[in-house]
Amino acid sequence: MMSIPPKRSCLARCFAAVVSVALSALLAQSTSASAATAAEVAAYAGADRTQRLIAAAKKEGELTLYTSMPLDDMTVLTTAFENKYGIKVKMWRAGSEKVLQRAVTEARGSRFDMDVVETNGPELEALHREKLLQEVKSPFIADLIPQAIPPHREWIATRLNIFTQAYNTQLVKKEDLPKTYQDLMSPKWKGKLGIEADDLDWFAMIVGELGEQPGLKLFRDVVATNDLSVRKGHTLLTNLVAAGEVPLALTVYNYKAEQLKNKGAPVEWFVIPPAVARPNGVGVAKGAPHPHAAVLFYDFMLNEAQSLILTRDYAPTSTKVETSLNKMPLKFVDPRVILDEGGKWEKLYAEIITRQAQ
């Protein structure tokens with residue numbers, strides 16, 4: 001099987017490569033005017049806030065969005081925004097690590113094209129630590145689940161990637177599904193299990209839930225006894241479940257399994273408790289060149305876009321959108337833990353999962 005490159009080392013290198021003092025100096029020197037404007041726009045909370053945002057955003061005419069959301073899903077959101085406000089969204093889409101890398105690299109080079117960023121929680125937390133994000137006093141924050149709001153409020157979770165398990169309904173009977181992680185030791189799962197190559201954040205949360213030493217031993221034993229097929233990409237892994245190549249996958253995103261099921265594929269998702277949720281969110285850049293459009297889009301993501309996010313089978317974070325997805329028992333990935341302890345969990349994931357499962 002192919003060798004799987006580590007994921008979080010890229011994030012760590014991006015984060016470690018930036019010298020905070022130097023970056024702060026660049027921000028102060030090169031974007032003081034735009035940063036001050038962004039701060040003023042983000043802080044305004046008057047009764048005419050929305051009307052002022054719309055009027056000024058229309059004059060700006062556009063905004064630039066950096067995102068890691070799949071293109072077909074984000075296009076639904078940006079099209080709705082453009083149709084409502086007549087403001088063009090220029091989108092740059094890449095993986096979450098590349099989104100982080102580009103934002104940081106551009107800031108170091110005194111280039112500030114990004115207005116809004118939408119990506120994974122750990123990458124957003126890294127951008128917060130590098131002082132590249134601006135807190136926004138949005139009235140819609142009050143509508144969100146508590147776990148969507150980090151203490152600093154410089155980014156806010158708008159959707160949850162919920163790690164679940166998925167199985168091929170033609171190859172696995174519902175009554176045979178594992179109810180606990182210990183059930184994966186059963187010989188009936190020999191050669192039938194798959195896992196995504198980079199899910200160390202899920203791994204850290206589940207091992208923590210099981211108890212670190214017992215949890216690590218259990219996964220070592222599962223790999224040694226029944227093998228794990230390691231695949232790169234959650235979409236690929238889910239498709240392989242639907243195709244029958246991987247009868248049961250341990251780490252897929254529930255929304256992707258739901259999308260395939262709705263298209264008629266023989267796939268269903270389920271949960272070995274607890275379900276792990278990784279927050280994905282949105283932040284406004286301190287150096288946003290179109291601050292009114294940026295804040296208006298931020299509000300849109302926290303408000304109108306929440307029902308659209310649900311139609312794409314994601315779990316929205318607004319309590320005003322009726323869904324069971326954000327009400328099920330969830331264990332949330334703490335982005336700060338992934339940043340501060342990422343090296344430890346990357347090493348363990350590689351040692352136990354990806355290398356041993358070659």
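As the structure is a prediction and not an experimental result, all values here were calculated from the model.
- Using a 4.0 Å cut-off between a side-chain N of Lys or Arg and a carboxylate O of Asp or Glu, K90 and E62 qualify as a salt bridge.
- A salt bridge links E209 with K331: the closest approach of a Lys/Arg side-chain nitrogen to an acidic carboxylate oxygen falls below 4.0 angstrom.
- D201 has its side chain within reach of R278: a pair of non-hydrogen atoms, C-beta onward, lies under 4.5 Å apart.
- For the atom pair L65 CG and M91 CE, the distance stands at 6.5 Å (nearest 0.5 Å).
- W202 has its side chain within reach of I195: a pair of non-hydrogen atoms, C-beta onward, lies under 4.5 Å apart.
- Distance check, rounded to the nearest 0.5 Å: OH of Y253 to CD of Q259 gives 13.0 Å.
- Residue T64 holds its OG1 atom at 5.0 Å from CG of D115, rounded to the nearest 0.5 Å.
- For E351 and R355, the salt-bridge test fails: no basic side-chain N is under 4.0 Å from an acidic carboxylate O.
- For the residue pair D199 and T251, a side-chain donor N or O sits within less than 3.5 Å of a side-chain acceptor on the partner.
- Here the side chains of D48 and Y44 are in contact, with some heavy-atom distance below 4.5 Å.
- Cluster annotation: V271 and V246 are assigned to distinct hydrophobic clusters (Ile/Leu/Val/Met/Phe/Trp/Tyr, side-chain heavy-atom contacts under 4.5 Å, transitive).
- By the criterion of side-chain heavy atoms lying less than 4.5 angstrom apart, applied directly or through intervening Ile, Leu, Val, Met, Phe, Trp or Tyr residues, L210 is grouped together with V333 in one hydrophobic cluster.
- For the pair I162 and V276, the minimum side-chain heavy-atom distance is 4.5 Å or more.
- If you check the side chains of K98 and Q101, you find no donor sitting under 3.5 Å from an acceptor.
- In this structure, a donor-acceptor pair under 3.5 Å is absent between the side chains of E135 and H128.
- R312 and Y255 share no donor-acceptor pair across their side chains, judged by distance under 3.5 Å alone.
- One side chain, R231 or S229, offers a donor N or O that lies under 3.5 Å from an acceptor on the other.
- Note on V321 and V76: separate hydrophobic clusters, where clusters join Ile, Leu, Val, Met, Phe, Trp and Tyr whose side-chain heavy atoms are under 4.5 Å apart, directly or indirectly.
- Scanning all heavy atoms of the two residues, the minimum distance from L310 to P316 falls at CD1-CD, 4.0 Å.
- The salt bridge (charged side-chain N to carboxylate O under 4.0 Å, His left out) search around K261 returns E258, E268, not counting sequence neighbours.
- Interatomic distance, N303 CG to Y298 OH, rounded to the nearest 0.5 Å: 12.5 Å.
- For the pair N168 (side chain) and V241 (backbone), a donor-acceptor distance under 3.5 Å is present.
- The NZ atom of K174 lies 8.0 Å from the CG atom of L177; values are rounded to the nearest 0.5 Å.
- S68 and S96 are not linked by any side-chain donor-acceptor pair at a separation below 3.5 angstrom, with hydrogens and angles left out of the test.
- Contact of the F332 side chain with the P274 side chain is not registered, since no non-hydrogen atoms from C-beta on lie closer than 4.5 Å.
- A donor atom on one side chain and an acceptor atom on the other are not found under 3.5 Å apart for H234 and N161.
- Residues K84 and E304 are paired through a salt bridge, judged by an N-O separation under 4.0 Å between the basic side chain and the carboxylate.
- In this structure, CG in L308 is found 13.0 Å from CZ in F81, a value given to the nearest 0.5 Å.
- The side-chain tip of R159 points at the ring of Y314 from less than 6.0 angstrom away and within 45° of straight on.
- A salt bridge does not link R93 to D72: none of the charged side-chain nitrogens sits closer than 4.0 Å to a carboxylate oxygen.
- Side-chain contact annotation: S318 with Q306, donor-acceptor N/O pair under 3.5 Å absent.
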